[in-house]
Amino acid sequence: MTSVCDLTATELARAIARGELSSRDAVEAHLARIADLDTRLAAFVTVDAEGARRAAEICDAAPAPIGPLHGVPIGIKDLTDTGGLTTTYGSALFRHHVPAEDDLVVARLRRAGAIILGKTNTPEFGFGAVCTNRLRGPTRNPFDPALTSGGSSGGSAVAVAAGMVPLAHGTDFGGSVRTPASFCGVASIRPTPGRIPSPRRPLGWDMLASHGFLARGVDDLALALSVCAGSDAHDPLSARVVSDDRAIAGRPRIAVTPDFGVAPVAREVRARFAAACEALARVANVVPSSPDCGGAIETFRTLRAAHIANSYGDLLKTRRAELTPTVIWNIEAGAKLSAEDYLTAERRRTAIYRSFRELFTRADFLVAPAASVLPWPNEISDVTAIDGAALETPIDYLAVTFIVSLVGFPVLTLPAPRDVNELPFGIQIIAPPGGESRLFAFGRAIENELGFSHRRPPL
């Protein structure tokens, strides 16, 4: 028989709404899975068993479903505030921090009936290639616990892949839902910035960071996004998101690139990506092509460093000894920048955006690898070289994902078909801003027809 923990969020919500399963049964099954596996995998920083049981009782007592996620257990990345539930941001500095209010994305999930089982692990403040911190970790890859789950939504990716929850929240600045999704064989969505509002974001017009979700299938991602999307007056980006729901006539036109012309990508990943493109050619017109991304790596380095220094510079002055070396490196890199450096990066970013826009006059989707490397051992904290070639900085291995963050286009990540003995590997499917519906439609097609879908880890 199929375990409750093997059901997708969509299937689980349907079963609960029909009375075939209670919310309490769903919660207990997933709490048992966490108790069984999380000592080995370290996906959660905090598990709120009693809070989840109370929420399940409310769901079961309701005369009708509270919302589309009624009774569905979920995980929330520990970078995002949960009212009344410890939120550490992956930092020992905040080990006892309990926010008074939910972040808007959390509030919308609760209103849709979702039940929060706990907070998923993340590197300190989300900065780190391995999902570990001084409180918890490393979060271990369920396909090989010796290997990394990826940063920084590794806890969410592992929780979903291992069946601890069917759906988990994540955040993505330079690839933080996409890389863990690739490493752990799950699906993810990084929507158009502003699609899920962030009304507390200090830099309201910035679009580098985005909320997102990880799940075992496209339907669950679409469901999660549907209950969290919608403008908010305090997020200026959210008012500018316009949906582009036009259906694609005939075979989709897909531009494919292994590296955007500039990203360092391992030979093994290039081979896996080429095989994925061959599969896609069965249902689409596939043409090698890429936007002009010259200078993109230097541009992202500058903008990322400036943001980190602005957000966490004061902590470096007052609490340096308590910060991880990765966070210290990131803050110090930003402290050296000038206004001219920042504006030059913004100018180049604009040119890259316009090149992406031009490419989409000739293509419906742009497809690229979701990670430049395959998972590596947890004991190695950073990727410093690819195929023997040294990287200039520890973040350069993320170029294949952070280039998309620069321009703010929505991205669906799906696991590529693979042999049973191969590690998971994912592809990014990119659409123009507002194109989430078309991404989901195409994702469902290749998920069902070509096997771009999750396979259970050997736990």
Given side chains that start at C-beta, do those of [X] and [Y] come closer than 4.5 Å, heavy atoms only?
| X | Y | answer |
| --- | --- | --- |
| C131 | T148 | no |
| H169 | T80 | yes |
| T401 | T179 | yes |
| I254 | I429 | no |
| P142 | C184 | yes |
| M164 | L37 | yes |
| P138 | V130 | yes |
| V227 | L109 | yes |

Is a donor on one side and an acceptor on the other found under 3.5 Å between the side chain of [X] and the backbone of [Y]?
| X | Y | answer |
| --- | --- | --- |
| R216 | L167 | no |
| S182 | F425 | no |
| N133 | P123 | no |
| E28 | D25 | no |
| T88 | G90 | yes |
| D102 | G83 | yes |
| R24 | A55 | no |
| E124 | T324 | yes |
| R195 | L225 | no |
| S290 | T257 | no |

For [X] and [Y], which heavy atoms make the closest approach, and how far apart are they?
| X | Y | answer |
| --- | --- | --- |
| L104 | P197 | CD2-CB, 3.9 Å |
| G434 | T192 | N-OG1, 2.9 Å |
| G71 | P73 | O-CD, 3.4 Å |
| I386 | S372 | CD1-OG, 3.8 Å |
| T132 | G137 | OG1-C, 3.5 Å |
| L214 | A157 | CD2-CB, 3.8 Å |

Polar contact flag, side-chain donor to acceptor under 3.5 angstrom, [X]-[Y]:
| X | Y | answer |
| --- | --- | --- |
| D60 | S23 | yes |
| K119 | T87 | yes |
| N121 | D78 | no |
| D220 | T10 | yes |
| S238 | D232 | no |
| R178 | S405 | yes |
| S210 | D172 | no |
| S156 | T120 | yes |

Salt bridge (Lys or Arg N to Asp or Glu O under 4.0 Å) for R438 and D244? Distances and angles first, verdict last. CA-CA 8 Å; R438 281 188 287 166; D244 184 357; 2.6 Å; yes
Write out all pairs satisfying salt bridge (Lys or Arg N to Asp or Glu O under 4.0 Å) with one or both partners inside [range], taking only residues at least two apart or from two chains.
| range | result |
| --- | --- |
| residues 364-379 | R253-D364 |
| residues 442-453 | D219-R444 |
| residues 31-43 | D38-R136 |
| residues 64-77 | none |

With rounding to the nearest 0.5 Å, note down the distance linking [atom1] in [X] to [atom2] in [Y].
| X | Y | atom1 | atom2 | result |
| --- | --- | --- | --- | --- |
| F273 | D259 | CZ | CG | 9.0 Å |
| T86 | H96 | OG1 | NE2 | 9.0 Å |
| L12 | H30 | CG | NE2 | 6.0 Å |
| L135 | T122 | CG | OG1 | 11.0 Å |
| F127 | T326 | CZ | OG1 | 10.5 Å |
| D235 | R201 | CG | CZ | 4.0 Å |

Side chain to side chain contact (heavy atoms under 4.5 Å, CB included), that's the test. Do H211 and C228 meet it? Break it down for me. CA-CA 10 Å; H211 291 289; C228 293; over 6 Å; no
Step-by-step side chain to side chain contact (heavy atoms under 4.5 Å, CB included) determination, I395 to W329: CA-CA 11 Å; I395 67 167; W329 177 85; 4.3 Å; yes
Evaluation steps, side chain to side chain contact (heavy atoms under 4.5 Å, CB included), between I328 and N330: CA-CA 5 Å; I328 292 171; N330 278 283; over 6 Å; no
Distance-only donor-acceptor hits, side chain of residues 407-424, under 3.5 Å, sequence neighbours excluded:
residue, atom, partner, partner atom, Å
T413, OG1, S188, OG, 3.3
R418, NH1, E422, O, 2.7
E422, OE1, D419, N, 2.8

Would the F183 and F143 ring centres measure less than 6.0 Å apart?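 No, they do not, as the ring centres are separated by 6.0 Å or more.
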N-O pairing of R200 and D81 below 4.0 Å: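 A salt bridge is present here (some side-chain N lies under 4.0 Å from a carboxylate O).
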E322/R134 ion pair, N-O < 4.0 Å: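 The answer is no: the pair does not qualify as a salt bridge.
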Give the intermediate values and the outcome of side chain to side chain contact (heavy atoms under 4.5 Å, CB included) for residues D387 and V265. CA-CA 8 Å; D387 292 341; V265 175; over 6 Å; no
Listing request: all ring pair (Phe, Tyr, Trp, His ring centres under 6.0 Å) pairs with a residue in residues 431-459, at least two apart in sequence or in separate chains.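 Matches after skipping sequence neighbours: F365-F442.
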Between E50 and R53, is a salt bridge (Lys or Arg N to Asp or Glu O under 4.0 Å) present by the stated rule, with each step listed? CA-CA 5 Å; E50 291 312 307; R53 290 179 176 124; 2.5 Å; yes
For a side chain to side chain donor-acceptor pair (under 3.5 Å) check, start with the C-alpha distance between T139 and S149, then their side-chain angles and the critical distance, and finish with the verdict. CA-CA 6 Å; T139 300; S149 59; 4.7 Å; no
